[in-house]
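These notes are about the structure you will find just below.
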Amino acid sequence: AMALCLKQVFNKDKTFRPRKKFEPGTQRFELYKKAQASLKSGLDLKAVVQLPPGESINDWIAVHVVDFFNRINLIYGTMSEYCTERSCPIMSGGLKYEYRWQDDSKYKKPTKLSAPQYMCMLMDWIEMLINNEDIFPTRIGVPFPRQFQQVCTKILTRLFRVFVHVYIHHFDSIINMGAEAHVNTCYKHFYYFIREFSLIDHRELEPLVRM
């Protein structure tokens with residue numbers, strides 16, 4: 001039922017960025033299929049995120065980071081017509097939280113951006129990282145870099161901010177589009193995953209703590 005509702009709610013051409021796919025025949029593709037199957041089986045989400053016996057933790061994290069990027073990308077892509085320079089001149093989560101953008105190229109210092117600008121920078125930055133073979137190796141036998149989990153923490157922390165912004169500033173739009181159940185499930189799945197592997201500093205979670 002969820003997939004059906006998804007098709008109605010989310011327009012394929014609304015995706016903010018092209019979906020990143022796993023190559024069939026690879027270990028990660030198999031893991032992705034395993035994760036999707038348990039998700040569809042209606043299992044408790046807390047159980048779904050646990051590392052399957054005998055699997056590598058870094059592979060499991062890599063699969064989920066890419067999958068969450070795809071899902072959150074789609075959620076934001078669908079919301080993006082409501083999130084404009086005018087409606088959201090600052091990337092924030094309510095009055096208390098403001099998120100500034102920083103990267104290694106254009107914005108060396110934390111910089112105030114509008115929400116749509118921030119989202120653009122964020123999705124480009126994540127896409128660049130997950131397509132980088134030195135960080136997300138896809139070839140069999142190529143090891144993950146030492147700082148892999150740190151990079152994933154940074155990606156997931158920033159993706160969490162998309163939920164913060166969407167929930168606090170665009171919840172009416174989510175409800176009007178009939179997407180509430182889907183967004184909530186995606187958020188819960190994400191939340192249980194980051195808690196299971198302690199991937200985000202708990203202070204980052206405060207804006208949505210009442211959820």
Side-chain angles (χ1 to χ4, degrees), residues 5-20 64-131 151-191 193-194 199-211:
C5 139
L6 259 182
K7 279 204 184 73
Q8 291 159 356
V9 172
F10 295 116
N11 201 332
K12 277 288 175 278
D13 52 343
K14 282 272 179 66
T15 312
F16 209 51
R17 292 285 175 284
R19 288 175 69 87
K20 167 85 177 153
H64 282 80
V65 166
V66 173
D67 191 35
F68 288 134
F69 167 70
N70 284 335
R71 287 166 188 269
I72 294 167
N73 195 354
L74 190 58
I75 288 171
Y76 183 72
T78 312
M79 297 288 112
S80 58
E81 61 189 288
Y82 306 104
C83 183
T84 63
E85 301 285 329
R86 224 173 128 183
S87 70
C88 307
I90 293 169
M91 174 58 184
S92 59
L95 297 170
K96 219 170 138 191
Y97 302 94
E98 183 189 311
Y99 301 120
R100 298 185 173 192
W101 182 258
Q102 185 175 17
D103 55 34
D104 296 331
S105 48
K106 197 174 166 190
Y107 298 99
K108 303 265 198 259
K109 285 205 294 272
T111 308
K112 253 187 199 210
L113 294 178
S114 68
Q117 278 177 305
Y118 186 100
M119 299 296 184
C120 244
M121 300 303 298
L122 174 60
M123 299 307 179
D124 282 350
W125 174 77
I126 295 175
E127 204 175 16
M128 178 194 76
L129 288 172
I130 60 182
N131 287 322
V151 173
C152 290
T153 284
K154 204 165 179 185
I155 292 174
L156 293 166
T157 299
R158 287 177 168 183
L159 279 174
F160 182 78
R161 295 169 181 179
V162 180
F163 280 120
V164 173
H165 182 75
V166 164
Y167 269 124
I168 292 176
H169 296 276
H170 301 292
F171 198 62
D172 294 352
S173 307
I174 295 174
I175 291 172
N176 293 339
M177 294 168 73
E180 190 184 354
H182 171 71
V183 175
N184 286 347
T185 302
C186 185
Y187 174 68
K188 265 191 241 174
H189 185 200
F190 182 93
Y191 178 79
F193 186 80
I194 58 173
L199 287 166
I200 293 187
D201 184 325
H202 64 93
R203 285 170 306 191
E204 280 283 339
L205 305 176
E206 277 168 16
L208 295 181
V209 86
R210 290 212 311 282
M211 293 201 51

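Side chains included, hydrogens not; waters and symmetry mates left out as well; all remaining heavy atoms used. Treat the numbers as computed from the prediction; the structure is a model and nothing was measured.
Atom CG in Asn184 sits 14.5 Å away from atom NE2 in His189 (nearest 0.5 Å). In this structure, CE on Met121 lies 6.0 Å from NZ on Lys106, to the nearest 0.5 angstrom. Distance CD1/Ile72 to CG/Leu156: 8.0 Å, rounded to 0.5 Å. Atoms CZ and CG, on Phe160 and Leu205 in that order, are 4.5 Å from each other to the nearest 0.5 Å. A distance of 6.0 Å separates CE of Met79 from OG of Ser173, quoted to the nearest 0.5 Å. If you take CG on Leu122 and CG on Asp103, they are separated by 11.0 Å, rounding to the nearest 0.5 Å.
Minimum interatomic distance between Cys83 and Cys88 (heavy atoms only, all atoms of both residues): SG-SG, 3.8 Å. Taking all atoms of both residues into account, the shortest heavy-atom contact from Pro207 to Glu204 is CD-O, 3.2 Å. Scanning both residues, Asn70 and Asn73, for their nearest heavy atoms gives O-CB, 3.3 Å. In this structure, Gly93 and Val164 approach most closely via the heavy-atom pair CA-CG1, 3.6 Å.
Judged as a ring pair (Phe, Tyr, Trp, His ring centres under 6.0 Å), and not counting sequence neighbours, the contacts of Phe190 are Phe68, Phe163. With sequence neighbours excluded, the residues that form a side chain to side chain contact (heavy atoms under 4.5 Å, CB included) with Arg203 are Asp201, Glu206. Legend: residues meeting side chain to side chain donor-acceptor pair (under 3.5 Å) with Tyr99, ordered by chain and number and at least two apart, are absent. By the side chain to side chain donor-acceptor pair (under 3.5 Å) test, Thr153 pairs with no residue at all, sequence neighbours left out. Here His170 pairs with His165 under the ring pair (Phe, Tyr, Trp, His ring centres under 6.0 Å) rule; sequence neighbours left out. Annotation: side chain to side chain contact (heavy atoms under 4.5 Å, CB included) contacts of Pro89 (sequence neighbours excluded): none. Arg158 is linked by a side chain to side chain donor-acceptor pair (under 3.5 Å) to nothing, counting only residues two or more places apart in sequence or in another chain. Not a single side chain to side chain donor-acceptor pair (under 3.5 Å) links Thr157 to another residue, sequence neighbours left out. Residues passing the ring pair (Phe, Tyr, Trp, His ring centres under 6.0 Å) test with Tyr82: none are found, sequence neighbours excluded.
For the residue pair Arg161 / Tyr97, no side-chain donor-acceptor distance below 3.5 Å is found, with atom types taken as modelled. His169 and Ser87 share no side-chain donor-acceptor pair at under 3.5 Å.
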Test side-chain hydrogen bond (donor to acceptor under 3.5 Å, both in side chains) on Glu98 and Ser92; report intermediate values, then the result. CA-CA 4 Å; Glu98 183 189 311; Ser92 59; over 6 Å; no
Apply side chain to side chain contact (heavy atoms under 4.5 Å, CB included) to residues Arg100 and Leu113 and explain how you reach the verdict. CA-CA 6 Å; Arg100 298 185 173 192; Leu113 294 178; over 6 Å; no
After noting the C-alpha distance and the side-chain angles of Ile168 and Leu208, does the key distance pass the side chain to side chain contact (heavy atoms under 4.5 Å, CB included) rule? CA-CA 9 Å; Ile168 292 176; Leu208 295 181; 4.3 Å; yes
Between Tyr187 and Tyr167, does a ring pair (Phe, Tyr, Trp, His ring centres under 6.0 Å) hold up when you go through it step by step? CA-CA 10 Å; Tyr187 174 68; Tyr167 269 124; 5.5 Å; yes
For a side chain to side chain contact (heavy atoms under 4.5 Å, CB included) check, start with the C-alpha distance between Ser114 and Ile90, then their side-chain angles and the critical distance, and finish with the verdict. CA-CA 4 Å; Ser114 68; Ile90 293 169; over 6 Å; no
Run Glu127 and Asn131 through side chain to side chain contact (heavy atoms under 4.5 Å, CB included) and show every step you take. CA-CA 6 Å; Glu127 204 175 16; Asn131 287 322; 3.6 Å; yes
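Side-chain contact between Pro116 and Glu85 is present, with at least one heavy-atom pair separated by less than 4.5 Å.
No side-chain donor-acceptor contact under 3.5 Å links Thr111 to the backbone of Tyr107.
Judged as a salt bridge (Lys or Arg N to Asp or Glu O under 4.0 Å), not a single pair has a partner in residues 165-190 (not counting sequence neighbours).
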